[in-house]
Amino acid sequence: MAEFTTGEAVALELPVARIPIRAAAFVLDLVLQIVLGIVLLTTVMFMTQGDDSSPWFAALMLVSLVTVLVGYPVFWETVLCGATPGKLALGLRVVRADGGPVDFRHALTRGLTGAIVDFWMLGLFGSIAVASSMCSPDARRVGDVLAGTVVVHIRQQLSLPALAIPPVWLTGWSAGLELTGLPEDLALSVRQYLTRIDSLTPGAQHEIGQALVSAVCARLRVAPPGGYPPVQILGSVIAERQRRSLPAVPVPPMLYAAPRAPVAQSR
């Protein structure tokens, strides 16, 4: 299992696909690519009447080769949102490093890198892909690293994501915030702070928390509510962001410990 942090600052644990099952999916796709290559070769031979000295023959053969090696995986991973027929048969899918779906850009990067580096031209028939996957904790080949993707299982039961539960006394304040001004990188930093707060010293909790509160409130153009510790303010913001972005879940686990009582206001 590997942890992915989404743009909504939610932690997801997804089962990473390792070399054996990825190799099996690759073989299934390779069989289909060979069939596609035979069909294209037959078409080229028919169109050029078998004249290998014709410039059309060389051009069409090059187009066919690129179609088989690059076009096949790029087409299917774009159409099937990260899957190919081989991956789909074995319950695998390519996702972004944040757990989101891939698009044409990711598929094209993976397809080109697969043809040039991982498998064929420089890949020593997949040796580079295997070596890079073995050296990666998430079994990522070079194409995955460049595209920012990971191959995961989609048929295993996944646990619910860890969602923030806001202090009830700050829900009214956070509900009125305009959260479109909060960038994803800052939201991820806040989520990492909330999930790792128990491992920080009290001094670090306060110092890092105050810095994050200042950065978040500056982005949202609001003043932080006085008299509350940073963990409550940040938790309220992230919980509201998740509430607006994610569908309702039955009983979400808590992202951090139960909120403490509010600090007494000075009179």
Side-chain angles (χ1 to χ4, degrees), residues 2 4 14-45 47-48 50 52-154:
F4 300 83
L14 301 177
V16 173
R18 300 294 174 180
I19 294 177
I21 191 168
R22 290 186 64 174
F26 175 81
V27 171
L28 292 177
D29 283 322
L30 182 60
V31 171
L32 295 179
Q33 286 175 282
I34 292 174
V35 173
L36 175 62
I38 293 173
V39 172
L40 292 177
L41 177 60
T42 303
T43 304
V44 170
M45 295 295 291
M47 293 178 63
T48 61
D52 57 4
S53 63
S54 169
W56 281 107
F57 180 86
L60 291 174
M61 286 298 293
L62 179 61
V63 171
S64 299
L65 183 63
V66 173
T67 300
V68 171
L69 298 183
V70 180
Y72 174 92
V74 172
F75 171 80
W76 285 117
E77 288 186 3
T78 302
V79 172
L80 298 180
C81 297
T84 59
K87 290 185 179 69
L88 202 61
L90 296 179
L92 306 181
R93 188 178 298 278
V94 182
V95 298
R96 299 196 312 255
D98 63 357
V102 298
D103 55 23
F104 174 75
R105 175 176 58 87
H106 302 94
L108 181 61
T109 302
R110 284 173 46 82
L112 289 173
T113 309
I116 298 173
V117 179
D118 282 321
F119 300 112
W120 305 120
M121 293 179 63
L122 304 176
L124 302 176
F125 301 100
S127 300
I128 299 299
V130 172
S132 60
S133 296
M134 292 178 64
C135 296
S136 170
D138 295 333
R140 302 170 77 188
R141 61 177 177 87
V142 178
D144 289 315
V145 175
L146 295 180
T149 57
V150 181
V151 180
V152 299
H153 293 272
I154 58 175

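Residues take their numbers from the sequence shown, with the count starting at 1. Bear in mind the structure is a predicted one, so any value in this text is a computation, not a measurement.
Nearest heavy atoms, A17 versus A139: O-CB, 3.5 Å. Residues A89 and L28 share a closest heavy-atom pair of CB-CD1, 4.1 Å. Across H153 and I21, no two heavy atoms sit closer than the pair CE1-CD1, 3.4 Å. The minimum heavy-atom distance between V102 and V95, with the atom names listed, is CG1-C, 3.8 Å.
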Please list, one pair per line, the donor and acceptor atoms closer than 3.5 Å that link side chains of residues 62-76 to other protein atoms, with sequence neighbours excluded.
residue : atom : partner : partner atom : Å
S64     : OG   : L60     : O            : 2.8
T67     : OG1  : V63     : O            : 2.7
Y72     : OH   : D29     : OD1          : 2.8

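Formation of a donor-acceptor pair under 3.5 Å by the S132 side chain with backbone atoms of A129 is found in this model. The closest donor-acceptor contact from the side chain of D118 to the backbone of V142 lies under 3.5 Å.
Classified by interplanar angle (parallel below 30°, tilted 30° to 60°, perpendicular above 60°), the ring pair W120/F125 is perpendicular.
The distance from atom CD of Q33 to atom CG of L40, rounded to the nearest 0.5 Å, is 11.0 Å. Here M134 contributes atom CE and R18 contributes atom CZ; the two are 11.5 Å apart, rounded to the nearest 0.5 Å. To the nearest 0.5 angstrom, T48 atom OG1 is 11.5 Å from W56 atom CH2. With rounding to the nearest 0.5 angstrom, the CG atom of D138 is 10.5 Å from the OG1 atom of T149. Between atom NZ of residue K87 and atom CZ of residue R93 there is a gap of 10.5 Å, rounded to the nearest 0.5 Å. Here the CZ atom belonging to R141 is positioned 7.0 Å from the OG1 atom belonging to T113, to the nearest 0.5 angstrom.
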Would you check, one step at a time, whether the test side chain to side chain contact (heavy atoms under 4.5 Å, CB included) holds for M45 with F57?
-> CA-CA 8 Å; M45 295 295 291; F57 180 86; 3.6 Å; yes
What's the verdict on side chain to side chain contact (heavy atoms under 4.5 Å, CB included) for V94 and V150, showing C-alpha distance, side-chain angles and the deciding distance?
-> CA-CA 6 Å; V94 182; V150 181; over 6 Å; no
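Side-chain contact check for L108 versus E77: every heavy-atom pair is 4.5 Å or farther apart.
Every residue meeting the side-chain hydrogen bond (donor to acceptor under 3.5 Å, both in side chains) condition with R22, not counting sequence neighbours, appears here in chain and number order: D144.
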